[in-house]
Every structure is written in C-alpha cells, then in structure tokens.
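Structure, as structure tokens:
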Amino acid sequence: MTGKVAVVDRIPTFRAGLAAVLEQGGFEVAEPEPPEFRTSYDQFDAAVVTIHAADMHTIRALLAEFPELIVVAVLVSPAIEDFCGALRAGAHGGVQWDSTPDEILAVVRAALAGQSLLPAPIVRALAESSVERPEGGTLREDEIRWLRAIARGTSVVRLARNEGYSQREIFRRLSDLYARMGVRNRHEAIALASRWGLLMPAPEPAVEHRTTVLQLRQTN
C-alpha cells in the first residue's frame, strides 16, 4: 500500500533520510517544516514523526488538529516507555530509528492498512499494563456495533448512512461515546475496545462454522 506521507522531524538530516526510505518504498513524500501545523495535513494519508526526547507533544498537536491522520512514530530511543508514550499520545504504530528501511516501510504500510505493527517487547509491555473494561460497562449494543464497524475500516459517512443518521448526528454520537470511554479519537477508541474484548464478533452457529472451515481447506 502506498500513499502521500508527510515526514515530520525538526532535524533536516533525519527528515531527509526518512523521506528517502519512503520514496524508495513507493510513497509520495512531503517534508513540511515542523511544527508547521498550518500546513493542511488533510492532504496526507499519514505522517511519519521522529520522536526525540520530550517530543510526544508533536503527535498530540498533529492529532488534535487532524484527528483522522495516521501517525507513525519513529523512536530515537529504544526505551519501552517511549514507545508506550508515543502510542498513548495517539500514534498508530512505532519503529526504532535504526531499523532497516524494510522494517520502517512495513510499519507505515501496516498503519495505513488499519493495523499496528510493534516490536514484541512493546506488545508484552502493553499487555501487562492493559486496562480492563469497567465493571458493568456503559456501552450499548449499537455503540459496540459502531466500534466494530469503524475497526473494520467503515467510514463515518457510510456508518451514518447504515445507521440512518445524518453525518452531523453520528459525529455527535461518536464524540459522546469517545468521551465516555475516556479517549480522544476513533483510533484510541478502537484500541481500547479491543483491549476490552468488544471487537470480537459474535460466535457463529456450529454448522456455519464447519462450512467455513471446509471452504478454507478447499481454498488451501
């Protein structure tokens, strides 16, 4: 998967290096001067942001103004707490600066495909610090259905149409849902809903399940 990507780094040589990797991977790349958030990031599919010491605010600032932007953090430090900090700030994936070009491209492509590709130690650290769903959670059936839909990549426009709401109304309802979940945007909501186990589909009847398994075997 390719697209238009902004490379955000306050150090020009770092910025140029990342831009070269992404261009070789087939992406259209721009290098806006950070923190030039007056640039319309709506024109980009993703932003690749290098995180130096105390730079988490860069991710927060980008997502505060462009909440739908896909953000990938490139961590100068290999510390687990820095990876976790970037994710808490809203990054959709993370990779160390000294990773190979193929590894960096894989993380960016995964993020654009709606997935987070992370080093195994980071995944383990997140699992150990996972937040359990509050007892007697407040989410309704329709709200869980919305979360599952946007986790599958359904746009808000299509979700509004499917649910019989105007775009304004579904945005209002989703904003209320995110506020009650204690998150800021749909990406954080999907991540938290996954940790609460809400994105697992309902079990299928046994006969349908057997048919699906047979079909899979036939295709293999």
Side-chain angles (χ1 to χ4, degrees), residues 1-79 82-119 122 150-158 167 171 174 178 183-191:
M1 175 179 291
T2 58
K4 189 172 183 179
V5 178
V7 177
V8 181
D9 194 310
R10 55 186 171 82
I11 300 178
T13 54
F14 277 36
R15 197 162 64 240
L18 278 174
V21 168
L22 292 165
E23 286 173 348
Q24 290 172 8
F27 290 97
E28 181 183 351
V29 180
E31 302 177 44
E33 286 288 338
E36 187 55 75
F37 300 135
R38 286 172 294 179
T39 298
S40 176
Y41 279 78
D42 290 334
Q43 65 185 293
F44 298 108
D45 298 300
V48 176
V49 182
T50 302
I51 302 300
H52 304 273
D55 272 355
M56 299 301 174
H57 67 279
T58 303
I59 296 176
R60 295 190 185 95
L62 272 172
L63 291 175
E65 189 164 354
F66 305 99
E68 301 301 311
L69 185 67
I70 301 298
V71 175
V72 173
V74 179
L75 284 298
V76 175
S77 166
D82 286 345
F83 268 92
C84 293
L87 295 173
R88 284 193 295 269
H92 305 87
V95 62
Q96 286 183 221
W97 169 256
D98 59 359
S99 299
T100 67
D102 285 345
E103 289 170 338
I104 294 172
L105 290 170
V107 172
V108 175
R109 288 172 179 146
L112 285 167
Q115 301 178 4
S116 293
L117 190 59
L118 297 167
I122 308 304
I150 61 177
R152 292 193 301 268
T154 301
S155 68
V156 174
V157 173
R158 180 175 292 276
Q167 291 182 41
F171 270 115
L174 287 173
Y178 300 160
V183 299
R184 295 169 298 173
N185 54 51
R186 67 172 181 173
H187 306 292
E188 291 183 7
I190 291 169

Would you call Phe27 and Val108 a side-chain contact if the rule is heavy atoms closer than 4.5 Å?
-> yes

If only atom types and distance count, is the side chain of Arg15 paired as donor or acceptor with the main-chain N or O of Asp9 below 3.5 Å?
-> yes

Between Phe83 and Ser77 the two heavy atoms that sit nearest each other are CE1-O, 4.3 Å

Which atom of Val48 lies closest to which atom of Val74, heavy atoms considered | CG1-CG2, 3.5 Å

Under the side-chain contact (heavy atoms from CB on, under 4.5 Å) rule, what do Glu31 and Val8 come out as? Steps first, then yes or no, please.
-> CA-CA 7 Å; Glu31 302 177 44; Val8 181; over 6 Å; no

Which residue, Val21, Val49, Leu18, forms the side chain to side chain contact (heavy atoms under 4.5 Å, CB included) with Val7?
-> Leu18

Between the CG atom in Leu22 and the CD1 atom in Ile104, the distance rounded to the nearest 0.5 Å is 7.5 Å

For Leu75 and Gly94 the tightest heavy-atom approach is CD2-CA, 4.5 Å

d(Asp45 CG, Leu69 CG) to nearest 0.5 Å is 9.0 Å

Got a donor-acceptor contact below 3.5 angstrom from the Arg184 side chain to the Ala89 backbone?
-> yes

His92 side chain to Val71 main-chain N or O, any donor-acceptor pair under 3.5 Å?
-> yes

Apply side-chain contact (heavy atoms from CB on, under 4.5 Å) to Val156 and Phe171, showing your working.
-> CA-CA 7 Å; Val156 174; Phe171 270 115; 3.7 Å; yes

Full working for side-chain contact (heavy atoms from CB on, under 4.5 Å) between Tyr178 and Arg186 | CA-CA 7 Å; Tyr178 300 160; Arg186 67 172 181 173; 3.1 Å; yes

Of all the heavy-atom pairs spanning Gly93 and Leu87, show the shortest one and how long it is.
-> N-CD2, 4.3 Å

Classify the ring geometry between Phe66 and Tyr41 as parallel (under 30°), tilted (30 to 60°) or perpendicular (over 60°).
-> tilted

Return the minimal non-hydrogen interatomic distance between Val95 and Ser99, and the atom names on each side.
-> CG2-OG, 3.2 Å

Look only at the side chain of Glu65 and the backbone of Leu62, and say whether a donor-acceptor pair between them is shorter than 3.5 Å.
-> no

Report the C-alpha distance between Val76 and Ile51 in whole Å, list the side-chain angles of each, state the deciding distance to 0.1 Å, and finish with yes or no for side-chain contact (heavy atoms from CB on, under 4.5 Å).
-> CA-CA 6 Å; Val76 175; Ile51 302 300; over 6 Å; no

Between Leu63 and Ala91, which heavy-atom pair has the shortest distance, and what is it?
-> CD1-N, 4.4 Å

Is there a donor-acceptor contact under 3.5 Å from the side chain of Asn185 to the main chain of Pro67?
-> no

